[in-house]
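Comments concern the structure below.
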Amino acid sequence: MTAGGAGGGGAGPSGGGPAGRQEGIAEYVLSAGSVPAAELAERFKVSLMTIHRDLDELERRGVVRKFRGGVTAQPSGVFESNVAYRRKSMLAEKNAVAERALALVEPGMAVMLDDSTTVLALARRLAGITPLTVVTNFLEGLNLLAGAPGIRLMALGGDHDPLHDSFLGVACVEAIESLSVDLCFVSTSAISGGFAYHQEQHIVSVKRAMIAAAARNVLLLDNTKLSRVALHRLAPLSAFERVIVDAGASAGALRDLDEHKVNYEVASA
C-alpha cells in the first residue's frame with residue numbers, strides 16, 4: 001500500500017486516497033509523538049483543510065488527539081495515548097521493570113495482567129514459568145500467550161475498546177469480580193502524592209476490580225509516570241505490595257515515594 005511510504009517522501013501517501021493518506025499520517029504521528037498540522041499538509045502534499053479532515057477522522061477512531069495547531073499521540077492528564085504509540089515508547093525501561101517483576105511469579109500461580117504495555121513486557125516473559133494460569137483483558141496479551149505450553153489462559157470479556165485494544169465495561173468488571181488470583185500486575189498513567197491516577201473512568205473501574213480480586217498487587221511503571229496526576233484517582237499506592245520503577249526515576253520522584261512510605265524497587269537496565 002502506498003501509505004507505507006509515510007516515513008520517506010511526502011508525495012507517496014496521498015496517492016492511496018484518503019484511507020491510504022490517513023494510514024500514513026497515523027504512522028508518522030505515532031512515530032513522532034506530536035506534529036504541527038502545517039507540517040503534515042506539506043509532507044502529504046494536501047491542503048491544510050484536508051489534513052484537518054483526516055485528523056478529525058483519526059481522532060474519532062482514537063488514534064490521535066488534536067490540539068490547537070497540531071496533533072499528538074502523547075497522553076495528557078485527561079487523554080490516554082493510543083496503544084500503538086504506547087507499544088513503541090520507553091521500551092528499554094519497560095523491559096527492565098518487567099525483568100524485575102518476573103522474579104515475583106512462581107509456577108502454579110494464578111496471575112492477572114491489565115491492558116498496559118508495561119505489563120505486556122512481563123507477559124512476553126511468562127512462557128518459561130509453568131504451570132501458570134494467566135487472566136487478562138488485553139487482546140495482544142491473549143494473542144501472545146494463546147497456545148503457550150503450560151499456560152492456562154483465561155480471557156476477560158466485555159466491550160472491545162480499539163484505543164486500548166482491550167475488553168472493558170460492565171461485563172469485564174463482573175468477570176473479574178468472579179475470580180480470585182494470587183498476583184495482579186497493573187500499570188497506570190500517573191502517580192503522585194501517594195496515589196495512582198488514570199485519565200479514563202472506564203479504565204479505572206476495571207483496574208480497581210483487578211486490584212480487589214488479587215491477594216497481592218504490584219504496580220509497574222516507567223519513569224515518565226512519576227510525579228504526575230491524571231483526571232481520576234485510581235487507588236492509594238498502599239494498595240500495592242510494591243511499586244517497580246526503572247532507573248530513570250528522578251531523585252525527587254523517589255523522595256516522594258519515600259515520604260509516602262511506599263514500598264518500591266528500582267529496576268536497572
Within 6.0 angstrom of R152 CZ, more than 12 heavy atoms from elsewhere: no
- request: Would you indicate whether D159, at its atom CG, is surrounded by more than 12 heavy atoms from other residues, nucleotides or ligands within a distance under 6.0 Å?
  value: no
Restricting to non-hydrogen atoms, name the atom on [X] and the atom on [Y] that form the minimum distance, rounded to 0.1 Å.
| X | Y | value |
| --- | --- | --- |
| S187 | L220 | OG-O, 2.7 Å |
| F185 | V119 | O-CG2, 3.7 Å |
| L104 | L183 | O-CD2, 3.6 Å |
| T188 | A196 | CG2-CB, 3.9 Å |

* Out of curiosity, does L40 fall in the hydrophobic cluster containing V46 (side-chain heavy atoms, cut-off under 4.5 Å, transitive links)? -> yes
Output for pair (K94 NZ, T117 OG1), nearest 0.5 Å, gives 2.5 Å
Strictly by modelled atom types, are H202 and D161 linked by a side-chain donor-acceptor pair under 3.5 Å?
-> yes
Heavy-atom donor-acceptor pair, R208 side chain to L234 backbone, under 3.5 Å
yes
Contact between T136 and L142 at the side-chain level, heavy atoms closer than 4.5 Å - yes or no?
yes
Side chain to side chain contact (heavy atoms under 4.5 Å, CB included) with L168: of V206, L156, V173, only one passes, and it is V206
Item to check | Over-ring placement of R21 relative to F44, 6.0 Å and 45° cut-offs | outcome: no
